[in-house]
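The chains referred to below are lettered A, B, ... by the order of the sequence lines, with proteins before strands, and numbering in each begins at 1.
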Amino acid sequence: MKYKEYKGLNYAGVADRILKYWKENKIFEKSVDLREGHETFTFYEGPPSANGTPGIHHVMARAVKDIFCRYKTLKGFQVKRKGGWDTHGLPVELQVEKELGITKEDIGKKISVEEYNQKCRETVMKYKDEWDDLTQKMGYWVDLDNPYVTFDREYMETLWYLLKQLYDKGLLYKGYTIQPYSPAAGTGLSSHELNQPGTYRDVKDTTVTAQFKLKGEENTHFLAWTTTPWTLAANTALAVGEKIDYVKVKTYNPYTFELVYVILAKDRMGEYFNEKAKEVSFEDFKEGDKLIPFKIVEEYKGRDLTGIEYEQLLPYVEPDGPAFKVIPGDFVSTEDGTGIVHISPTFGADDQRVARQAGIGAILVKDEEGNAGPIVDKQGRYVKEISDFAGIYVKNEYYKEGEAPERSLDVQIAIKLKEENKAFKVEKYEHPYPHCWRTDKPVLYYPLDSWFIKTTAMKDRLVELNKTINWKPESTGTGRFGNWLENLVDWNLSRSRFWGTPLPIWVTEDRTEQKCIGSIEELKAEVQKAVKAGFMSEPIGDDFDLHRPYVDRIFLVSDSGQKMYREPDLIDVWFDSGAMPYAQWHYPFENKDIFDTNFPADFIAEGVDQTRGWFFTLHAIAVMLYDNVAFKNVIANGLVLDKNGNKMSKRLGNAIDPFKTLAEHGPDATRWYMISNANPWDNLKFNMEGVVEVQRRFFGTLHNTYSFFALYANLDGFNYKDGEIANGDRTESDRWILSKLNSLIEKVEASYEDYEPTKAARLIQDFTTDDLSNWYVRLNRKRFWRGEYNADKKAAYQTLYTCLVTIAKLGSPIAPFYMDQLFQDLNAVTGLEGAESVHLADFPEKDESVIDVDLEQRMSLAQNISSLVHSLRKKHKIKVRQPLSKILLPVINDQFKRQVSAVEELILSEVNIKEVEFVDDESGVLVKHVKPNFRKLGQEYGPRVKEISGKINQFSTDEIAQLENENKLVVELSEGTVELTLEDVEINYQDIPGWSVASEGRLTVALDITISDELRKEGIARDLVNRVQNLRKDMGLEVQDKIKINIERNTDLVNAALEANKEYICNETQALSLNILDNLSDGSELEMDEHKLKVKIEA
RNA sequence: GGGCUUGUAGCUCAGGUGGUUAGAGCGCUACACUGAUAAUGUAGAGGUCCGUGGUUCGAGUCCACGCAGGCCCA
């Protein structure tokens, strides 16, 4: 059995081959079954929608998911991964409408709801095959055979069950939200309809800046501006920006000329006061004067104003709760108006939101049936309670042709306010305003019925449990998600659509009785009753579809015998996906045991844009119904942008095709690039060159290292079957790389455990390229190809093998294909592991006894010293092949000397030097340099650091010596003296006179650059070896082929060099003989610096 | 407009708790090495650490205010 040797490497080919292997051998299934009975690690798949094609960002998101599932499997957990599909919702509807060329208006007319929904059902899985293909090609292991699908009957039944639980807990209620509404058409408008071109048009409205009188203060008013004066009768609060500056101004009302104090934003004064009036004195002012004097008498921040109470402006109707207070509003600006915003919770979405958050009530009236409603009816008229203006349309456009009054309601209200000293300014104002696309008349923002989940009732618990979730990055949990929870409003469940989960609530016509249905069984029973009552003609079957229009055809009977109709709403699709922990198992109707061990999730991961989507709905449902989190760890990953940092879009043509990327560069390089380049939660600027770089630098190096191993291991027949060589019997560099390897295991494991895949990838990559390839293999090459198959060679093979197989395991979660190939290629020969795939293996356990910190330190010293020597050689243009006699190392301390001595041989061979000589103080060749220790000095002397460090830099040799000998030195400062100790400074060796010196930090190396005759001869011999090796290669000789070398007699120096190093040359080049001949007729000419040699090689 | 987030070399990114010479890889330039060779090593050039103020003996790091990009929300 041989290790597989490759000619070149085709990354996509590796993936194809391994993928086929996985399929044929059911590796994924085995990786789950293998861990049967072990602790479970629960992962929830956030369902994608298959009505669009997958993009490169899905590769990113799914790589993150895959990594931790694979890692946990290696760690011995059983990780079930049920796939899923999100199938309901507006995007599907829009796509269907586009395909059929219809609008929402046509549903029920040109096409039945039944046909429409059938079409949605077909469309939603349009690209399923493409998704499945990508899933496999990128190596994302998820169960595609038994996915949950949100439109499935069982899935929807669980949704109904959950809704009923909420209903029974009193957490489901009907309320209202402010939505665009067209009184002329009698219907609400979706934001989609409002975004039609031409809906926003410039209109001229009468605007009022009203005076709201502060409670308990004479003549003091808040000023608030509105473009809809008709809403003032519904005012219950005033909003200010907390950070905005406000002023109280003394002035006269321009209509009544009463002396008033008004409060408004400082930045808005220019709009209300004429600068020229600044000089006018209050005494000189007479009624009717154009210039009205004003004076700032007080200033505040917005937050100082909050909580202040004022008197109701138009007291027609009592509020239904606390009201008439100043509250904070995040939307308040000083762009226009007064910087104080009039709030009417029934006629503005912002208004409603901030009022709710501040606990402010609304102005509501009861209709004939006793239902609360706003002060404007559905036709757009003031209700009777607004006695002065009852029955008047709030917009003149709502009157029939020719019936509109001369003065619009806004004008009439403005006049009333002027007369009552409640208006500070009235003027016409032109601004864009939305219009109904059907009637061309202005839209009202109006409260419309909706069903809500009372999330606010559980706010504290939601916040509290969120703190137990491990968010990556943390800021998304505390910031974006945490703030969202802090400012929570109730979850509006209602959607007026067709393709989705229907709300399972039936209500009697007078709305006095309600029923919420929680299962199909229950529905059947209720229908049975309805049949008896005569409201239904027949019972429903077992295969009843819970979608519209079928549920709409069901009428139930109330306890008192009334007919009940289903509330026509569908529920928010986010409820669909947030309910997946339960619904994917059809819990509680089936699979209770599976659910119990798979709730909550240990881990989920999705884009950060899901924060208020899936992350929230998962959390909300779990907390409200099960008083538990839905997930313990979550990665909120960022976006994948193009290489210039722009958003990818198909329209702009900068979108990366994931299939093409995988086909060209393979999934391993693609995944490794995405993960190693930036943390998943940072945005990734996807650059194809980066993928290529990862391919070359990491996978290329790793593959080269494996190939190197395979080449020689095959020659020697190494199969790891003849006993493990004890660590203590291995070489210094073997023990070093194994120490580094075990340190690596520890760090990589910690990174995975901490959900830091980027750190893990970088650690593995750095180890592979820097430690293993560029240092260990380079230094030990000869051990692999020279000499017989002895214990030392065996140790080298075993060491390299262990490193490679461990890298395969550590890296397999990130690069599942290549690492599996590597693992299998290695294990095929040795059979050390029982696993047939790396994904069935166990995560490596670090061997603490092998980690030797001191060894790692001294090897690091060897690397640094070598690097310095290399740079000195470079400086003097002396090539490494030319041996040099010695280097000088100033001894920093005893440990330094001991550590360097241990790796001395290594340094000598690496940099081709004969000897290391240590020098210390007594040698007298060292020149010391002293530098202030700022950290220490700063703590002790603070402001005097500058002067002291100036003195230290000027220390003489004597002063340094004194400080070293006595550990104290008194320094004179301009004011007083300080006594310094050795701790206050750092002493380095800077220079060695007469030597070529280089230093880095405290480390200094001096190189003897004189080349003796003997050294020169040796250099020539080494050069010759090099040239002969090249010739051998050119001749196509195998490594083990023996040769004869004949050389024509040359200069005395060269001849002597050859004679003196004959044995060395023969040994290195596998030569049986080396002969110097007087005349060589057919040799090749070799140039070595200034020497020219004629050489002939015979095999 | 609000919340969160990012800004360090041409590019991609590191830079506990503040410490004076800000690093790595790629790319570029030069040189070297040569039984890992479509590999490798060494060196060089390249920085207003987004800006402005502040705290401090000392700020890439802490604070404030801005600017630019991104996401979510309005």
Side-chain angles (χ1 to χ4, degrees), chain A residues 8-9 241-243 329-335 349-350 353-354 473 475-484 486-487 607-613 636 638-639 641 643-647 673 676-679 681-685 687 689-690 692-694 696-698 700-701 703-709 711-712 758-759 762 765-766 769-770 773-774 777-778 781-782 784-786 866-875 877-881 910 931-939 941-949 1001 1025-1027 1029-1030 1032-1033 1037-1040 1068-1070:
Chain A
L9 182 61
E242 294 188 276
K243 291 179 196 162
D330 53 21
F331 52 85
V332 178
S333 80
T334 52
E335 295 288 303
D350 272 336
R353 179 172 53 89
V354 294
S475 60
T476 299
T478 54
R480 190 181 283 204
F481 195 68
N483 290 346
W484 163 247
E486 291 291 345
N487 297 308
V608 67
D609 53 339
Q610 294 291 332
T611 307
R612 294 175 184 193
L639 264 66
L641 308 169
K643 63 176 175 182
N644 299 316
N646 300 312
K647 213 174 160 174
Y673 162 70
S676 67
N677 189 66
N679 282 316
W681 39 88
D682 291 330
N683 288 347
L684 172 68
K685 289 184 199 164
N687 189 345
E689 285 166 36
V692 175
E693 187 185 323
V694 161
R696 227 191 37 247
R697 185 163 167 72
F698 175 60
T701 305
H703 190 68
N704 271 331
T705 306
Y706 165 77
S707 300
F708 173 84
F709 167 82
L711 175 68
Y712 295 108
T758 307
K759 274 189 190 160
R762 287 177 180 171
Q765 186 171 317
D766 289 348
T769 57
D770 298 349
S773 172
N774 290 349
V777 173
R778 200 158 51 81
R781 283 197 318 243
K782 284 185 180 167
F784 291 88
W785 54 263
R786 195 163 58 185
S866 300
S867 166
L868 287 171
V869 176
H870 277 305
S871 79
L872 285 172
R873 278 181 169 276
K874 154 92 184 162
K875 195 161 141 196
K877 295 191 192 296
I878 301 169
K879 52 189 170 188
V880 180
R881 236 186 272 124
E910 170 66 10
K931 195 169 125 175
N933 177 356
F934 282 98
R935 190 189 287 269
K936 174 81 184 359
L937 288 172
Q939 280 163 6
Y941 301 110
R944 293 197 283 176
V945 165
K946 261 187 189 152
E947 195 179 358
I948 297 172
S949 68
V1025 168
N1026 163 243
R1027 301 307 194 274
Q1029 300 286 35
N1030 286 345
R1032 284 183 56 120
K1033 235 162 89 181
L1037 294 179
E1038 291 298 316
V1039 175
Q1040 64 274 33
E1068 288 291 313
T1069 60
Q1070 311 274 324

> If pairing requires Watson-Crick or G-U wobble contacts with both distances under 3.5 Å, which nucleotide is the partner of B/C31?
Replying inline: B/G41
> Looking at B/G41, B/G19, B/U6, which one has an atom nearest to any side-chain atom of A/Arg778?
Replying inline: B/G41
>> Let's see if you can work this out: which of B/C13, B/G41, B/C71 has an atom nearest to the side-chain heavy atoms of A/Leu639?
In response: B/C71
> Within the distance-only criterion (no hydrogens, no angle test), does the side chain of A/Ser676 pair as donor or acceptor with the backbone N or O of A/Arg762 below 3.5 angstrom?
Replying inline: no
>> Between the base of B/A36 and the side chain of A/Ser773, is there a donor and acceptor pair under 3.5 angstrom?
In response: yes
> OP1, OP2 of B/G41 versus side-chain N and O of A/Asn774: anything below 4.0 Å?
Replying inline: yes
> Rounded to the nearest 0.5 Å, what separation is found between the CG atom of A/Leu684 and the CG atom of A/Leu639?
Replying inline: 10.0 Å
>> So, does A/Lys685 get its side chain near the phosphate of B/C11, meaning an N or O under 4.0 Å from OP1 or OP2?
In response: no
> OP1 or OP2 of B/G70 sitting under 4.0 Å from any side-chain N/O of A/Arg480?
Replying inline: no
>> If I pick the C1' atom on B/A32 and the same atom on B/A39, what distance separates them, to the nearest angstrom?
In response: 15 Å
>> Taking only the C1' atom of each, what is the distance from B/G46 to B/U8 in whole angstrom?
In response: 14 Å
> Given the P atoms of B/A24 and B/A14, what is the spacing between them in whole Å?
Replying inline: 16 Å
>> Quick check for you: among B/C72, B/A74, B/G19, whose closest atom lies nearest to any side-chain atom of A/Val945?
In response: B/G19
> Does B/C65 have a Watson-Crick or wobble mate here (both distances under 3.5 Å), and if so which one?
Replying inline: B/G51
> So which nucleotide does B/C71 pair with, by the Watson-Crick or G-U wobble rule with both distances under 3.5 Å?
Replying inline: B/G3
> Now, which nucleotide makes the Watson-Crick or G-U wobble pair with B/U12, with each of the two distances under 3.5 Å?
Replying inline: B/A24
> Which part of the nucleic acid, if any, lies within contact of A/Gly938, taking any heavy atom under 4.0 Å across all strands shown: a base, the sugar-phosphate backbone alone, or nothing?
Replying inline: base
> In terms of side-chain heavy atoms of A/Glu693, which of B/G25, B/G3, B/A14 is nearest?
Replying inline: B/G25
>> So A/Thr611, base contact, sugar-phosphate only, or nothing? Heavy-atom distance under 4.0 Å.
In response: nothing
> Can a side chain N or O of A/Arg696 be found less than 4.0 Å away from OP1 or OP2 on B/A38?
Replying inline: no
> Which nucleotide, B/A36, B/C11, B/C71, lies nearest any side-chain atom of A/Val608?
Replying inline: B/C71
> Does B/A14 have OP1 or OP2 sitting under 4.0 Å from an N or O in the side chain of A/Asn679?
Replying inline: yes
> Choosing from B/C72, B/A36, B/C4, which nucleotide comes nearest the side chain of A/Asn483?
Replying inline: B/C4
>> Once you measure the plane-to-plane angle for A/Phe708 and A/Tyr712, does it fall in the parallel (<30°), tilted (30-60°) or perpendicular (>60°) bin?
In response: perpendicular
>> Side-chain N or O of A/Asn677 versus OP1/OP2 of B/U12: is the shortest distance under 4.0 Å?
In response: no
>> OP1 or OP2 of B/C72 versus the side-chain N and O atoms of A/Arg612: is any pair under 4.0 Å?
In response: no
>> Base, sugar-phosphate or nothing for A/Arg781? Non-hydrogen atoms, less than 4.0 Å.
In response: base
> What is the base-pairing partner of B/G60, counting Watson-Crick and G-U wobble geometry with both distances under 3.5 Å?
Replying inline: none
